[in-house]
Amino acid sequence: MSTIIEARPSGPLQGRVAPPGDKSISHRAILLAAMAQGQSRIENLLIAGVTRPMMDAVAALGAQRHLQGTTLEVESPGFQAWRSPDTALYCEHSATTMRLLAGALAASGVAAVLDGSPGLRRRPMRRVVAPLQRMGVPIRDTDGHAPLLLEARDRQTPLRGGVFTLPVASAQVKSAILLAGLAAAEPVEIHEPGPSRDHTERMFRSLGIAIEFRPGWVRMTPPRAALPPLRLRVPGDISSAAFLVVAALIVPGSHVVVEGVELNPTRTGLLDALQRMGARVHIRPRGQQAGEPWGDIEVHHTPDLRGIQVAGDLVVRMIDEFPIFAIAAAQAQGTTTVQDAEELRHKESDRIAQLVAQLRRLGIRAEERPDGFVIHGGSPWQGGEVDAAGDHRLAMALAVAGLVASSPVRVHGGHMFLESYPSFLEDLRRLGADVAPIA
Ligand code: S3P
């Protein structure tokens, strides 16, 4: 696969498209299927760079998997009977794989090493290791980072539950504590400073686990019995849909329906932000899948977007969408300010520094702030050479920027979209976008 993606001025974008299964739900579904006892079946799973290491890891722990298209069947003895893997579990670039696995391994009590790419080794891991240690898990990090080392633990001795207050809102850390909590003697209660995504909670509830939750708070009572197998269909990923939504908003004459997308309120912050900007975005709920609301999103080109301020809980509810949100902001009249978003510096890249640097290369007026960024929108931008900085969401956002630039945008390292949205180029092209690998 080429590493340079070229996006050319295009349009209008028209048609209907369904993005692949949600990344966060796919990760949890694979892991919980392997923690459950018996045969689970997951449909519309995301098959991509980020989910492969999770599938490989559960196989190394003793679950058998059979993948056909996007349907995964997992036959497992349950986490209580996992075996210690022969080699380190290699999580590639996926922090979700590493942090969720740390919690699940803690519950199982097997010895394991969790490692990853140089990029993943730079991501903060103390935030997950510290609460697990408090629960009695023999785990340690390497100066706050991967590799993580788990020693074997006597499975007859349960872990400690209790009340955990997280310094940053993080669904990965919350989920790791909940997964470890499956082997705890007492209930686990978690307080967070913001409403991070609640997919683990919803999936626990669908498995019959006693759990209560509301934005920023969850309390789970560990089950005594083995986890029952899962049967679910993963709804489409709203974080992938986001690129199509913003592309349709900014390319003149566009009218697009993004179908089958998950609409969990902890994930729809971008849609709220765009609507506040005056975007012609309509949400059509269609039902529930895997305990998650889902539906279609209809988008019309909106030439008169207005700049807004984004802060507080809204940041948490759109945490993965800032690269593509910035492209909408660059088209909007006036200034857009993002604050309370220091966490963006700890994603696949330093998303504040990299985003601002790449947008400036296109002539977009953007400024860095310690906890966010400012964009002065409304002026046309030029094409040119930009760099994805090893970040899948930056790669896709910059490609979308190329659809309305005055000349082609070439995204170096653009192949990173394969991490989370392998059909990104195809889907955009099906709508009429001129975007292709060139080298
Ligand atoms: C995720 C949680 C978020 C998000 C990531 C996926 C998850 O990370 O950015 O892409 O599946 O739980 P944090 O938990 O670090 O906020």
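Whatever order the structure lists them in is the order used to number ligands and atoms, beginning at 1. Keep in mind that the numbers below use all heavy atoms, side chains included, and drop hydrogens, waters and symmetry copies. Being a predicted model, the structure only gives us computed values, none of them experimental.
In this structure, R197 is part of the shell of residues with a heavy atom less than 4.0 angstrom from ligand 1. Put simply, part of R99 is less than 4.0 Å from ligand 1, judged by heavy atoms. Contact between K23 and ligand 1 is present, with at least one heavy atom of the residue lying under 4.0 Å from the ligand.
In terms of protein heavy atoms, atom 16 (O) of ligand 1 is closest to K347 NZ, 3.4 Å. In this structure, the protein non-hydrogen atom closest to atom 11 (O) of ligand 1 is S24 OG, 2.7 Å. Closest to atom 6 (C) of ligand 1 among all protein heavy atoms lies Q172 NE2, 3.5 Å. Nearest protein heavy-atom contact of atom 14 (O) of ligand 1 is S170 OG, 2.7 Å.
Looking at H199, R28, H346 and measuring to atom 12 (O) of ligand 1, the nearest heavy atom belongs to R28.
The shortest N or O to N or O distance between D320 and ligand 1 is below 3.5 Å.
For residues 216-232, the set of pairs meeting the salt bridge (charged side-chain N to carboxylate O under 4.0 Å, His left out) definition, not counting sequence neighbours, comprises E189-R219.
Under the 4.0 Å criterion applied to side-chain N and carboxylate O atoms, R140 and E151 are assigned as salt-bridge partners. The pair R121-D143 fails the salt-bridge criterion, with no side-chain N (NZ, NE, NH1 or NH2) lying under 4.0 Å from an Asp/Glu carboxylate O.
Using a 4.0 Å cut-off to heavy atoms of A171, the atoms of ligand 1 that qualify are 12 (O), 14 (O).
In this pair, F424 and F417 present their aromatic rings tilted. The plane angle is within the 30 to 60° band.
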Pair D141, R127 - check salt bridge (Lys or Arg N to Asp or Glu O under 4.0 Å), show working. CA-CA 10 Å; D141 55 39; R127 53 177 64 186; over 6 Å; no

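Among H93, E348, K23, the single residue meeting the side chain to side chain donor-acceptor pair (under 3.5 Å) criterion with H392 is E348.
For the pair R134 and F164, the distance from NZ or CZ to the six-membered ring centre is under 6.0 Å and the angle to the ring normal is within 45 degrees.
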